[in-house]
A.B. asks: 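Take a look at this one; I'll ask things after.
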Amino acid sequence: MAEASVKPVPLLKDELDIVIPTIRNLDFLEMWRPFFQPYHLIIVQDGDPSKTIKVPEGFDYELFNRNDINRILGPKASCISFKDSACRCFGYMVSKKKYIFTIDDDCFVAKDPSGKDINALEQHIKNLLSPSTPYFFNTLYDPYREGTDFVRGYPFSLREGAPTAVSHGLWLNIPDYDAPTQLVRPHERNTRYVDAVLTIPKGTLFPMCGMNLAFNRELIGPAMYFGLMGDGHPTGRYDDMWAGWCMKVICDHLGLGVKTGLPYIWHSKASNPFVNLKKEYKGIFWQEEIIPSFQSASLPKECSSVQNCYLELSKQVKDKLGKVDPYFNKLADAMVTWIEAWDELNGAAK
């Protein structure tokens, strides 16, 4: 007699929140239902708070709009961006879970080369629950994956690895390009599926994309601030990258790892390159000074918590980048406000 099939319990079911920033009805969740339904969703509604956002039935969710953000944070709500997907980081702050997965509402389920639906969330969890190798590169990529190991010559003293703080996923179809690249390659699509996960080495920065991203909130949450962008600010579309630069400097300092590669999602629509160019214009110039300043950033030994590291970085932002544009002084102040608000909602750093 055949055994009754037992459905496996979803990984980290009670330890993970899914954060989604949006301005529209969340019909895209229907496609993700088999993978997302067991989890709690935190939806951060951007734009007009009087607009009603419809969520498909059967999902366990909380929805926060701008009025809620103002009510919960009071004057400190000024650190949360408006009319920009950076508003998603409010969801990180109010979550009470150990892990966060964040996804954009134009991201659908991708298929692997065999035609099977990719459970992006499951792969992110596997990435986060296995160690990283930031101190020495393994030429077979992630040595903790099934079917692979450390290669000859890899120091045994480093094989235990470092805790993984961030898992950065990729995209099929519409790549994550800036406006100038979008303009010169309007029809380019990513069809290349690379079956690999690798650790980004210590001392190396990368352009972090927030549309398919997971992280250990307990290890790195206070550093995942997506900056001051959008309404009232001179730039946009650098929110996730700002968080990525800050986060990576802090991970390197604290001995934490960052993985990139699998999982892929299907990115369904490209944003307008002319609108994007208007948002990115200053950032394209500024990044040539921002990135070297992060590459040379050094945190003192006594910075042992993410919050302390982040406050130290905010001082360096003011000192090094304040002269580039007054905006960076505002951003540095917002970084401090963000940490104050985080500690108020989550208890101050021990």
A.B. asks: Check the hydrophobic clustering (I, L, V, M, F, W, Y; side-chain heavy atoms under 4.5 Å; chains of links allowed) and say if Met208 and Leu254 are grouped together.
C.D. replies: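 Same hydrophobic cluster.
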
A.B. asks: Can the ring centroids of Trp286 and Phe328 be said to lie less than 6.0 angstrom from one another?
C.D. replies: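 Here the rings of Phe328 and Trp286 have centres that are less than 6.0 Å from each other.
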
A.B. asks: Identify the heavy atoms of Leu172 and Ala110 that sit nearest to each other, and give their distance.
C.D. replies: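 Nearest pair, atom of Leu172 first, then Ala110: CD1-CB, 4.0 Å.
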
A.B. asks: Between Met211 and Tyr177, is there shared hydrophobic-cluster membership here, with clusters defined by ILVMFWY side-chain heavy atoms closer than 4.5 Å?
C.D. replies: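 No, Met211 and Tyr177 fall in different hydrophobic clusters.
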
A.B. asks: Are Ile118 and Ile265 close enough that some pair of their side-chain heavy atoms sits under 4.5 Å apart?
C.D. replies: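 No. Closest side-chain heavy atoms not under 4.5 Å.
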
A.B. asks: Can you name the closest pair of heavy atoms from Cys309 and His253 and give their distance?
C.D. replies: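 Distance-wise, the nearest heavy atoms are SG-CD2, 3.5 Å.
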
A.B. asks: Kindly compute the distance separating CD (Glu340) from CD (Gln307), expressed to the nearest 0.5 Å.
C.D. replies: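 The CD atom of Glu340 sits 11.5 Å away from the CD atom of Gln307.
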
A.B. asks: Apply salt bridge (Lys or Arg N to Asp or Glu O under 4.0 Å) to the pair Asp27 and Lys54, showing each step before the final yes or no.
C.D. replies: CA-CA 8 Å; Asp27 305 327; Lys54 288 181 184 163; over 6 Å; no

A.B. asks: Could you go through His267 and Asn173, starting from their C-alpha distance and side-chain angles, then the distance that decides it, and tell me whether this counts as side chain to side chain donor-acceptor pair (under 3.5 Å)?
C.D. replies: CA-CA 6 Å; His267 186 207; Asn173 195 35; over 6 Å; no

A.B. asks: Given 3.5 Å as the limit, does a donor-acceptor pair link the side chain of Ser296 with the main chain of Pro292, or not?
C.D. replies: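 Yes.
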
A.B. asks: Below 4.5 Å, heavy atoms only, C-beta onward: do Val166 and Leu219 meet side chain to side chain?
C.D. replies: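 Not in contact.
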
A.B. asks: Look at atom NZ of Lys320 and say whether more than 12 heavy atoms of other residues, nucleotides or ligands are closer to it than 6.0 Å.
C.D. replies: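 Enclosed.
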
A.B. asks: Heavy atoms, side chains only, cut-off 4.5 Å: are Met224 and Ile100 in contact?
C.D. replies: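 They are not in contact (no side-chain heavy atoms under 4.5 Å apart), so the answer is no.
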
A.B. asks: Are Phe101 and Ile220 connected into the same hydrophobic cluster when the rule is that any two of I, L, V, M, F, W, Y join if their side-chain heavy atoms are below 4.5 Å apart?
C.D. replies: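 Shared cluster, no.
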
A.B. asks: Out of curiosity, Asn212 CG to Gln123 CD, how far, rounded to the nearest 0.5 Å?
C.D. replies: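 One gets 10.5 Å once the value is rounded to the nearest 0.5 Å.
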
A.B. asks: Check step by step if salt bridge (Lys or Arg N to Asp or Glu O under 4.0 Å) holds for Glu280 and Arg237.
C.D. replies: CA-CA 6 Å; Glu280 292 172 1; Arg237 284 173 57 80; 2.6 Å; yes

A.B. asks: Mind checking whether Phe285 and Ile290 have side chains closer than 4.5 Å, heavy atoms only?
C.D. replies: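 When only atoms from C-beta onward are counted, Ile290 and Phe285 do not touch, as no gap falls below 4.5 Å.
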
A.B. asks: More than 12 heavy atoms of other residues, nucleotides or ligands under 6.0 Å from NZ of Lys97: yes or no?
C.D. replies: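 Counting neighbours around NZ of Lys97, more than 12 heavy atoms of other residues, nucleotides or ligands fall under 6.0 Å, so yes.
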
A.B. asks: For the pair Asp104 and Lys269, find out whether any cationic side-chain nitrogen is under 4.0 Å from an anionic carboxylate oxygen.
C.D. replies: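 Looking at Lys269 together with Asp104, the answer is no, because their closest N to O distance does not fall below 4.0 Å.
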
A.B. asks: Find the distance between CG (Asp178) and NZ (Lys279) and round it off to the nearest 0.5 Å.
C.D. replies: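 With rounding to 0.5 Å, CG (Asp178) is 14.0 Å from NZ (Lys279).
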
A.B. asks: Using the test side chain to side chain donor-acceptor pair (under 3.5 Å), find all partners of Asp68 that sit at least two apart in sequence or belong to another chain.
C.D. replies: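 Only Arg71 meet the side chain to side chain donor-acceptor pair (under 3.5 Å) criterion with Asp68.
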
A.B. asks: If every non-hydrogen atom of Gly257 is compared with every non-hydrogen atom of Ala162, which pair is closest and at what distance?
C.D. replies: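 Closest heavy-atom pair between Gly257 and Ala162: N-CB, 4.4 Å.
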
A.B. asks: Nearest 0.5 Å, please: how far is CG in Asp105 from OG in Ser268?
C.D. replies: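 Nearest 0.5 Å value for the OG-CG distance: 8.5 Å.
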
A.B. asks: Is Tyr141 atom OH crowded by more than 12 heavy atoms from other residues, nucleotides or ligands, each under 6.0 Å away?
C.D. replies: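 It does not: Tyr141 OH has 12 such atoms or fewer within range.
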
A.B. asks: How far does CD of Gln45 sit from CD1 of Ile53, to the nearest 0.5 angstrom?
C.D. replies: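 The CD atom of Gln45 sits 4.0 Å away from the CD1 atom of Ile53.
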
A.B. asks: Treating Asn65 as the side-chain partner and Ser50 as the backbone partner, does any N or O pair qualify as donor plus acceptor under 3.5 Å?
C.D. replies: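 No; zero donor-acceptor contacts below 3.5 Å.
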
A.B. asks: Can you tell if the side chain of Leu41 reaches within under 4.5 Å of the side chain of Leu29, non-hydrogen atoms only?
C.D. replies: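 A side-chain contact exists here, since the closest heavy-atom pair is under 4.5 Å.
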
A.B. asks: Return the NZ to CD1 distance between Lys76 and Ile339, rounded to the nearest 0.5 Å.
C.D. replies: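 Reported to 0.5 Å precision, the distance equals 12.5 Å.
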
A.B. asks: Which one of Phe137, Tyr144, Phe136 satisfies the ring pair (Phe, Tyr, Trp, His ring centres under 6.0 Å) criterion with Phe150?
C.D. replies: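 Only one option passes, and that is Tyr144.
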
A.B. asks: Going by an N to O cut-off under 4.0 Å, is there a salt bridge joining Asp17 and Lys96?
C.D. replies: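 No.
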
A.B. asks: Under a 3.5 Å distance rule, please check whether Tyr225 uses its side chain to pair with a backbone N or O of Val336 as donor and acceptor.
C.D. replies: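 Judged by distance alone, no pair lies under 3.5 Å.
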
A.B. asks: Under 6.0 Å between ring centres, would you say that holds for Tyr92 and Phe215?
C.D. replies: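 Close enough - the centres of the two rings lie under 6.0 Å apart.
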
A.B. asks: Taking atom CZ of Arg185 as the centre, report whether more than 12 heavy atoms of other residues, nucleotides or ligands fall under 6.0 Å from it.
C.D. replies: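 Incorrect, the count does not exceed 12.
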
A.B. asks: For Leu183 and Phe274: C-alpha separation, side-chain torsions, deciding distance, then whether side chain to side chain contact (heavy atoms under 4.5 Å, CB included) applies.
C.D. replies: CA-CA 8 Å; Leu183 286 165; Phe274 294 101; 3.6 Å; yes

A.B. asks: Look at the side chain of Asn190 and the backbone N and O of Trp171, then say whether any donor-acceptor pair between them is shorter than 3.5 Å.
C.D. replies: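 Checked: pair present.
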
A.B. asks: To check you understand the geometry: which heavy-atom pair defines the closest contact between Phe35 and Leu121, and what is its length?
C.D. replies: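 Smallest interatomic distance, heavy atoms only, reads O-CD2, 4.1 Å.
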
A.B. asks: Ser167 and side chain to side chain donor-acceptor pair (under 3.5 Å): which partner among Lys259, Lys126, His124?
C.D. replies: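 It is His124, the one option of Lys259, Lys126, His124 that forms the side chain to side chain donor-acceptor pair (under 3.5 Å) with Ser167.
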
A.B. asks: Check the hydrophobic clustering (I, L, V, M, F, W, Y; side-chain heavy atoms under 4.5 Å; chains of links allowed) and say if Leu277 and Ile174 are grouped together.
C.D. replies: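 In one cluster with Leu277: Ile174, no.
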
A.B. asks: Counting distance only, does the side-chain N/O of Gln316 pair as donor-acceptor with the main-chain N or O of Ser293 below 3.5 Å?
C.D. replies: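 Judged by distance alone, no pair lies under 3.5 Å.
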
A.B. asks: I'd like to know if the side chain of Asp239 reaches the main chain of Gly227, judged simply by a donor and an acceptor atom lying under 3.5 Å from each other, with no hydrogens or angles considered.
C.D. replies: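 Pair absent, no side-chain N/O of Asp239 close to backbone of Gly227.
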
A.B. asks: Counting N and O atoms only, with roles assigned by atom type, does the side chain of Arg217 sit under 3.5 Å from a partner on the main chain of Leu16, one being a donor and the other an acceptor?
C.D. replies: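 Absent.
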
A.B. asks: Please evaluate residues Leu213 and Asp240 with respect to the criterion side chain to side chain contact (heavy atoms under 4.5 Å, CB included), reporting the C-alpha separation (whole Å), side-chain torsions for both, the decisive distance (0.1 Å), and the verdict.
C.D. replies: CA-CA 10 Å; Leu213 181 72; Asp240 41 9; 6.0 Å; no

A.B. asks: Let's go through Val258 and Met247 carefully: what are the C-alpha distance in whole Å and the side-chain angles of both, what is the deciding distance for side chain to side chain contact (heavy atoms under 4.5 Å, CB included) to 0.1 Å, and is it a yes or a no?
C.D. replies: CA-CA 9 Å; Val258 179; Met247 170 278 294; 3.7 Å; yes

A.B. asks: Is any side-chain heavy atom of Tyr61 closer than 4.5 Å to one of Ile42?
C.D. replies: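 With C-beta onward as the side chain, the pair stays apart.
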
A.B. asks: When the aromatic ring centroids of Phe226 and Trp338 are compared, is their separation below 6.0 Å?
C.D. replies: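 Not under 6.0 Å, so no.
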
A.B. asks: Pair Ile72, Phe64 - check side chain to side chain contact (heavy atoms under 4.5 Å, CB included), show working.
C.D. replies: CA-CA 10 Å; Ile72 291 164; Phe64 298 94; 3.7 Å; yes

A.B. asks: Strictly by side chain to side chain donor-acceptor pair (under 3.5 Å), give each pair with a member in residues 147-165 just once, sequence neighbours left out.
C.D. replies: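 Applying side chain to side chain donor-acceptor pair (under 3.5 Å) to every pair that reaches into residues 147-165, excluding sequence neighbours, yields Ser132-Thr164.
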
A.B. asks: For Pro263 and Asn127, work out which heavy atoms get closest and say how close.
C.D. replies: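 What the structure gives for the nearest pair is CD-ND2, 4.2 Å.
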
A.B. asks: Side chains of Glu302 and Asn308: does their closest heavy-atom pair fall under 4.5 Å?
C.D. replies: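 Sidechains of Asn308 and Glu302: no contact.
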
A.B. asks: If hydrophobic clusters are built from ILVMFWY residues whose side chains come within less than 4.5 Å, do Met229 and Ile23 share one?
C.D. replies: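 In one cluster with Met229: Ile23, no.
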
A.B. asks: Do you know the tightest heavy-atom contact between Gly210 and Arg88?
C.D. replies: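 Answer, listing the atom of Gly210 first, then Arg88: O-NH1, 3.0 Å.
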
A.B. asks: Does any part of the side chain of Val19, heavy atoms only, come nearer than 4.5 Å to the side chain of Ser95, both counted from C-beta?
C.D. replies: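 Ser95 vs Val19: side chains apart.
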
